[in-house]
K.L.:
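Before anything else, here's the structure in question.
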Amino acid sequence: MKPRDRILSRLRHGRAASPAAPYPAPQAQATADSAPDIDAMVTALQAAHAEVFRMDESAWPDHLASLAEQRAWQQWWVGRDEVASTWQAHGSAPSVTVFEDWERQKSTLFESAPIGLSLAQGGIADTGTLIVESGSAVPRTLSLVPPVHVVVVRENSLFPDMATAMVHYSRHGMPTNLIFISGPSKTADIQQTMAYGAHGPRELIVYLCR
Amino acid sequence: MSGFTNHPDQDFGVRIHDALGDAELRESFHGAMTFLRDRRRAQFPDPEALETLRDSGAAIRDRALAQLPDLLEQLEDRCRHNGIQVHWAETAEDANRIITGLIRAVNGKRIVKGKSMATEEIGLNTALEAAGFTCLESDMGEYIVQQAHETPSHIIMPAIHRNKASIARQFAEQIPDTPYTEDVDELIGTGRRVLRRAFAEADVGISGVNFAVAETGTLCLVENEGNGRMSTTVPDTHIAVMGLEKVIEKLADLPDLMRLLPKSATGQAITTYVNMISGPRRDDESDGPRQVHLVLLDNGRSRIYADRQLRATLRCIRCGACMNHCPVYERLGGHAYGTVYPGPIGQVVMPQLFGLDHAGKLTQACSLNGACGEVCPVRIPLPDLIRRLRHEGVSTDPASPVRGHGRQRRFSEALIWRVWCFIHTRPPLYRLVTRVATRARHWLPPLPRAWTRHRAPLQPADRSFQEMMRHREDRRS
Amino acid sequence: MPGYCMNSPAIQRVYLFGTCLIDVFHPAAGLASVQLLEREGIEVVFPEEQTCCGQPPYNSGYDEEARAVARQVVRRFSESIPVIVPSGSCAGMLRQHYPSLLADGPLADAARDLAARTYELHEFLHRVLQVRWQDHGDPVKIVMHTSCSARREMGVREDGLALLRQLEGVEVCEPESAETCCGFGGTFAVKMSEISAAMATDKCRAVQATGADQLLSSDCGCLLNIDGMLRKQGAHLPAEHLAEFLWKRTGGDTP
């Protein structure tokens, strides 16, 4: 017998030898078919140390341009999503690198990519979470490696809570890599003192767009 | 240096003594545990809602365990369909052999690891070293601990026994061009710098798994630092190691578990990152691992599974709340246990994995105060399980399901309880004994030194309560 | 949970399970328990054929010895009236553990029945009898230690405190980290004496830091532990069982 079969047979035998009624599930709470609570999303993201701006979708490029000027952000890395083309068309950024060839650009990304800009495919309002799906348009590492991550998310793509998000993915299937992001990277591993930018972005800037 | 052992009972008393005598350690743990308990409490303001949520957590985990073999087959099937290769390991040695083989097969040179208790359990780092590989821990706490040749002292916060001054010294000594600083941001910045290089160059990433969803063949990994994302995204090969009990039935089971895990663990509403990995990179994707492997680890779990009561052990979601609330753990710290899993869950898991002959004494380091059971997000009846393992430790029943049963039985103690029982099942004899104890209270031999070293001797009253009641009856009639 | 309604007029008689620690070390607390109940017009039945609840061997893993004692308790307290226990941990043994301990024998039903009518004394006084008391003592500040079993297994922390709060002259406080175990744990105090002592030391410090004049608890085990250490340290903080204190404060003659 292979290890697999031995393990499974032990488990089946163990279960048959001492059957037990599973712990009873509590009565399911009525799932409110409520709209996503945008204010809760903003509060949760801010509590997690993210910066949040709410505006019409047409307004974010101008806003980001002035923010970039204030903070002297010059080197932008983007993928090939809508947000990337809008930002390139806006023309305010001195340098925009399209991240498309991982093998070639990987070391530059790690060494000298200060800011990543991307579109989040969705979000979860009550926990202040951005949903990033893997796909052909944007490399996964764009939202991870640069110290600053600017992300645009549309209010109409938000789920009210994780349960509704899971219903969606159960129905439509999972992407190979699905990431929930709820703030900048952080750690409290040294004497319970919170520090941001452990391995991922130090700063997370969110544009919540109508 | 502290280390894990397969014989945690050995020198347990010495480790306890040393830990209790280490004022700095006690201070570290007291501060950290108070911090974690306060944070958890703040996340669950409504006690009734918490109890309902714990019911749900227990039910979800129990439902998964009730179907465990079937869900594992489904998980394997879905993972294969998604392009994840599944391996089954019966023992720690098997798991290490499988992982080493996988690394050799891709000619792996540089290995990074995200935080994973399963790989601690199998002693993967040591096995990899023996095979000629070095594996860099990438969780900040694990990195600190690995660099100091220590083992984690807590399952969620591995370096919780260390203060920032000692970490500052370590970094200044061991990392080139690093000045001494106690500024935590700078210390983390140093770790980030070193580990960034390692991530960029790594060809194999190893991680644990918090939950595996059978419905979709998805591996879930929760973390705050981003090292989990790095380890599972940047290297070409990702190897995930998971205790086989961590499978859940469906995606719909995740939300409640996610509402319990980070809040119970560190008092966070949600972790910064939730990774859900359902396969290697597709052809049209530009990054992500080309190979994803899942190693399913038994290592004694199927034996635990075979007992109706002890099966609840496998509900555990490794949040660490039991140790954060354990007054014994708070005073000893994690290393004194000498085990990968310390605290109450360790006292339940370890004797079952290693046998009561090697780890049965661990179950004695518990006052049965119930704090662990009260906070467990999946309602593992930890005090009941500890008591049960004490029973198995002294049980002479050959049918006992726990390895090493009966090996904690001492003739003298068994005799004491025999005599005790003889007296207490014979009320007249009991009355005689209490009469003697009360009358001769000034001449009684002193109690065990273990009691009187720290406390005044116990002194019986001059008359027993039963005697008082008899007098009272007599006066009335 | 026990099945008696609040202020149930049906209750005229109750059993008292005295506990072995009260029997030998704090008999006055046992007597006070009887008197507190009798003052409410309740007849207290005290079966002479009682010893211990069986918890010490049970917690040490000696189930057979514990079972022998438990069977005796179930048989002696068979009349269908409440069983009052002036101790959280012994009450917890009867209510929470007898049913599983005796589940496989002929007394399974009887054990469940006993569990359902077992009360911790102060729970019974407060929730079922809903006593109302007048305070007769001088102003005093007390620190209340609720045992882990009273708090967690029995859920009766509030009952002890609520009774104390009825007493005008009594300032009630709890030590810092009140929910933390005092380190007694029965045989734990002897088997793991160093850890136990470390826990007791912290508890003593917290208790003393309140500046209270007196320490109260409704569990004798904790009292012996904390008071034993305080006395060894030469501290002047008299310890008393809650029942005894309540009886004296509410006009009972000194037992």
Side-chain angles (χ1 to χ4, degrees), chain A residues 2-4 6-8 10-15 17-18 20 22-26 44 48 100-102 106-107 110 127 129 134-136 139-141 144 161-163 166-167 169-170 173-193 195 197-200, chain B residues 32 35 52 55-56 58-59 62-63 66 68-69 72 88 90 94 140-141 157 159 163-164 167 184-185 187-188 192 195-196 200 216 218 224-227 229-230 233-234 251-252 254-255 258 269-270 272-279 281-282 284-288 298 302 305-308 311:
Chain A
K2 291 186 296 183
R4 170 193 188 276
R6 278 199 296 270
I7 292 171
L8 287 173
R10 272 201 300 275
L11 292 174
R12 293 220 155 86
H13 184 263
R15 181 172 58 182
S18 50
Y23 193 92
E100 51 193 350
D101 187 340
W102 164 245
K106 176 177 164 185
S107 58
F110 269 95
T127 49
T129 301
S134 60
S136 53
R140 304 169 189 192
T141 40
L144 176 64
D161 52 28
M162 196 182 286
M166 287 301 129
V167 170
Y169 285 105
S170 176
M174 294 287 276
T176 49
N177 194 258
L178 179 68
I179 306 285
F180 291 170
I181 301 176
S182 307
S185 152
K186 66 180 181 221
T187 183
D189 271 359
I190 300 182
Q191 221 176 317
Q192 300 90 56
T193 308
H199 295 296
Chain B
F35 170 83
T52 310
D55 281 340
S56 176
D62 246 21
R63 171 159 47 75
L68 186 56
L72 286 170
W88 300 72
E90 287 191 274
D94 290 350
M140 286 293 178
M157 309 194 93
N163 61 28
K164 56 188 174 190
I167 296 166
V184 172
D185 279 323
L187 289 169
I188 293 297
R192 176 184 173 101
L195 288 162
R196 218 148 230 261
T216 52
T218 299
N224 287 314
E225 296 186 358
N227 66 312
R229 284 188 73 187
M230 289 277 189
T233 304
V234 177
L251 285 178
L254 267 180
M258 283 303 303
I270 187 168
T272 299
Y273 301 113
V274 180
N275 298 268
M276 294 197 231
I277 299 159
S278 307
R281 84 162 83 155
R282 288 196 321 251
D284 63 336
E285 292 169 353
S286 60
D287 61 358
D298 182 341
S302 53
Y305 185 71
D307 183 274
R308 191 188 317 225
R311 191 175 293 162

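In what follows, every heavy atom counts, from backbone to side chain, and hydrogens, waters and symmetry copies are set aside. All figures in this text were calculated on a predicted structure; none of them were measured in a lab. Here is how names work: the chains are called A, B, and so on, in the same order as the sequence lines, proteins then strands, and each is numbered from 1.
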K.L.:
For the atom pair CG (A:Asn177) and CG (B:Asp287), what is the distance rounded to the nearest 0.5 Å?
P.N.:
8.5 Å

K.L.:
Using every non-hydrogen atom in the two residues, find where B:Tyr273 and A:Pro184 come nearest and quote the distance to one decimal.
P.N.:
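In terms of heavy atoms, the two residues are closest at OH-C, 4.5 Å.
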
K.L.:
If you count heavy-atom pairs within less than 4.5 Å of chain A, which of B:Leu251, B:Asp284, B:Ile270 leads?
P.N.:
B:Leu251

K.L.:
Looking at every heavy atom in both B:Met140 and A:Ala198, which two are closest together, and how far apart are they?
P.N.:
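Looking at all heavy atoms of both residues, the closest pair is CE-O, 3.5 Å.
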
K.L.:
At a heavy-atom separation under 4.5 Å, does B:Thr218 approach chain A through its side chain, its backbone, both, or neither?
P.N.:
side chain

K.L.:
If you count heavy-atom pairs under 4.5 Å with chain B, which of A:Gly183, A:Ser170, A:Gly173 comes out on top?
P.N.:
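Maximum pair count with chain B is reached by A:Ser170.
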
K.L.:
In terms of heavy-atom proximity below 4.5 Å to chain A, should B:Leu68 be classed as side chain, backbone, both, or neither?
P.N.:
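Both parts, heavy atoms under 4.5 Å.
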
K.L.:
Chain A: which of B:Gly226, B:Ala200, B:Ser302, B:Gly279 shares the most heavy-atom pairs with it under 4.5 Å?
P.N.:
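The answer is B:Ala200.
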
K.L.:
Given heavy-atom pairs under 4.5 angstrom as the criterion, report whether the side chain, backbone, both or neither of B:Ile277 touches chain A.
P.N.:
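B:Ile277 touches chain A through backbone and side-chain heavy atoms alike.
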
K.L.:
Locate the shortest heavy-atom distance separating B:Ser286 from A:Glu100; write the atom from each residue and the value.
P.N.:
CB-O, 3.9 Å

K.L.:
Please rank B:Thr272, B:Asn163, B:Ile167, B:Asp62 by heavy-atom pairs under 4.5 Å with chain A and give me the top one.
P.N.:
B:Thr272

K.L.:
Heavy-atom pairs under 4.5 Å with chain B - which of A:Thr127, A:Thr193, A:Ile7 has more of them than the others?
P.N.:
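Heavy-atom pairs under 4.5 Å are most numerous for A:Ile7.
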
K.L.:
So which residue, B:Asn227, B:Asp94, B:Asp185, ends up with the most heavy-atom pairs under 4.5 Å with chain A?
P.N.:
B:Asn227

K.L.:
Pick from A:Gly135, A:Pro175, A:Pro24: which one has the most heavy-atom pairs with chain B under 4.5 Å?
P.N.:
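Option with the greatest count: A:Gly135.
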
K.L.:
Side chains of A:His199 and B:Arg229: closer than 4.5 Å at any heavy-atom pair?
P.N.:
no

K.L.:
Contact part of A:Ser107 toward chain B, heavy-atom cut-off under 4.5 Å: side chain, backbone, both or neither?
P.N.:
neither

K.L.:
Which of the residues A:Pro139, A:Ala20, A:Ala25 is involved in the greatest number of heavy-atom pairs with chain B at under 4.5 angstrom?
P.N.:
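Greatest number of close heavy-atom pairs with chain B: A:Pro139.
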
K.L.:
I'd like to know which of B:Ala59, B:Pro255, B:Pro69, B:Ala66 tops the heavy-atom pair count under 4.5 Å against chain A.
P.N.:
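Highest number of heavy-atom pairs under 4.5 Å: B:Pro69.
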
K.L.:
If you count heavy-atom pairs within less than 4.5 Å of chain A, which of B:Met258, B:Lys164, B:Arg63 leads?
P.N.:
B:Lys164

K.L.:
Hey, are the side chains of B:Val234 and A:Lys106 touching, using non-hydrogen atoms and a 4.5 Å cut-off?
P.N.:
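Yes, side chains in contact.
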
K.L.:
A:Ala48 versus chain B, heavy atoms under 4.5 Å apart: side chain, backbone, both or neither?
P.N.:
neither

K.L.:
Going from OH on A:Tyr169 to CG on B:Leu254, what distance comes out if it is rounded to the nearest 0.5 angstrom?
P.N.:
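A:Tyr169 atom OH to B:Leu254 atom CG measures 13.0 Å (nearest 0.5 Å).
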
K.L.:
Heavy-atom cut-off 4.5 Å, strictly under: side chain, backbone, both or neither for A:Ala44 against chain B?
P.N.:
neither

K.L.:
Non-hydrogen atoms of chain B under 4.5 Å away: do they reach the side chain of A:Lys186, the backbone, both or neither?
P.N.:
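Backbone plus side chain of A:Lys186, per the 4.5 Å heavy-atom cut-off to chain B.
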
K.L.:
Using a strict cut-off of less than 4.0 Å between a Lys/Arg side-chain nitrogen and an Asp/Glu carboxylate oxygen, indicate whether B:Asp298 and A:Arg6 qualify as a salt bridge.
P.N.:
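Between A:Arg6 and B:Asp298 there is no salt bridge, as every charged N stays at least 4.0 Å from the carboxylate O atoms.
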
K.L.:
For B:Glu225 versus A:Ser185, what's the shortest heavy-atom pair and its separation?
P.N.:
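In this case the closest contact between B:Glu225 and A:Ser185 is O-OG, 2.5 Å.
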
K.L.:
Kindly compute the distance separating CD1 (B:Ile188) from CD1 (A:Ile190), expressed to the nearest 0.5 Å.
P.N.:
3.5 Å

K.L.:
Please report the interatomic distance CG(A:Leu144) to OG1(B:Thr233), rounded to the nearest 0.5 Å.
P.N.:
6.5 Å

K.L.:
With a 4.5 Å heavy-atom cut-off, do A:Thr129 and B:Val274 have their side chains touching?
P.N.:
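No; the side chains remain at least 4.5 Å from each other.
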
K.L.:
Is a side-chain donor or acceptor of B:Arg192 paired with a backbone partner of A:Gly200 at a separation under 3.5 angstrom?
P.N.:
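Pair found, side chain donor or acceptor close to backbone of A:Gly200.
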
K.L.:
For A:Pro3, is it the side chain, the backbone, both or neither that has a heavy atom under 4.5 Å from a heavy atom of chain B?
P.N.:
both

K.L.:
Do B:Asp55 side-chain atoms and A:Pro26 backbone N/O form a donor-acceptor pair below 3.5 Å?
P.N.:
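Not a single qualifying donor-acceptor pair exists.
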
K.L.:
Under a 4.5 Å heavy-atom cut-off, does chain A meet the side chain of B:Asp307, its backbone, both or neither?
P.N.:
backbone

K.L.:
As an exercise: rank A:Ser18, A:Gly14, A:Pro22, A:Ala188 by heavy-atom pairs under 4.5 Å with chain B and give me the winner.
P.N.:
A:Ser18

K.L.:
Does any part of the side chain of A:Lys2, heavy atoms only, come nearer than 4.5 Å to the side chain of B:Trp88, both counted from C-beta?
P.N.:
no

K.L.:
Considering all heavy atoms of both residues, which atom of B:Arg281 and which atom of A:Arg140 are nearest to each other, and what is their separation?
P.N.:
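Shortest heavy-atom contact: CA-NH2, 3.7 Å.
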
K.L.:
Give me the atom names and distance for the closest heavy-atom approach of A:Ala195 to B:Val184.
P.N.:
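That closest heavy-atom pairing would be CB-CG1, 4.2 Å.
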
K.L.:
Output the distance between atom CG (B:Asn275) and atom CD1 (A:Ile179), rounded to the nearest 0.5 Å.
P.N.:
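Nearest 0.5 Å value for the CG-CD1 distance: 4.0 Å.
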
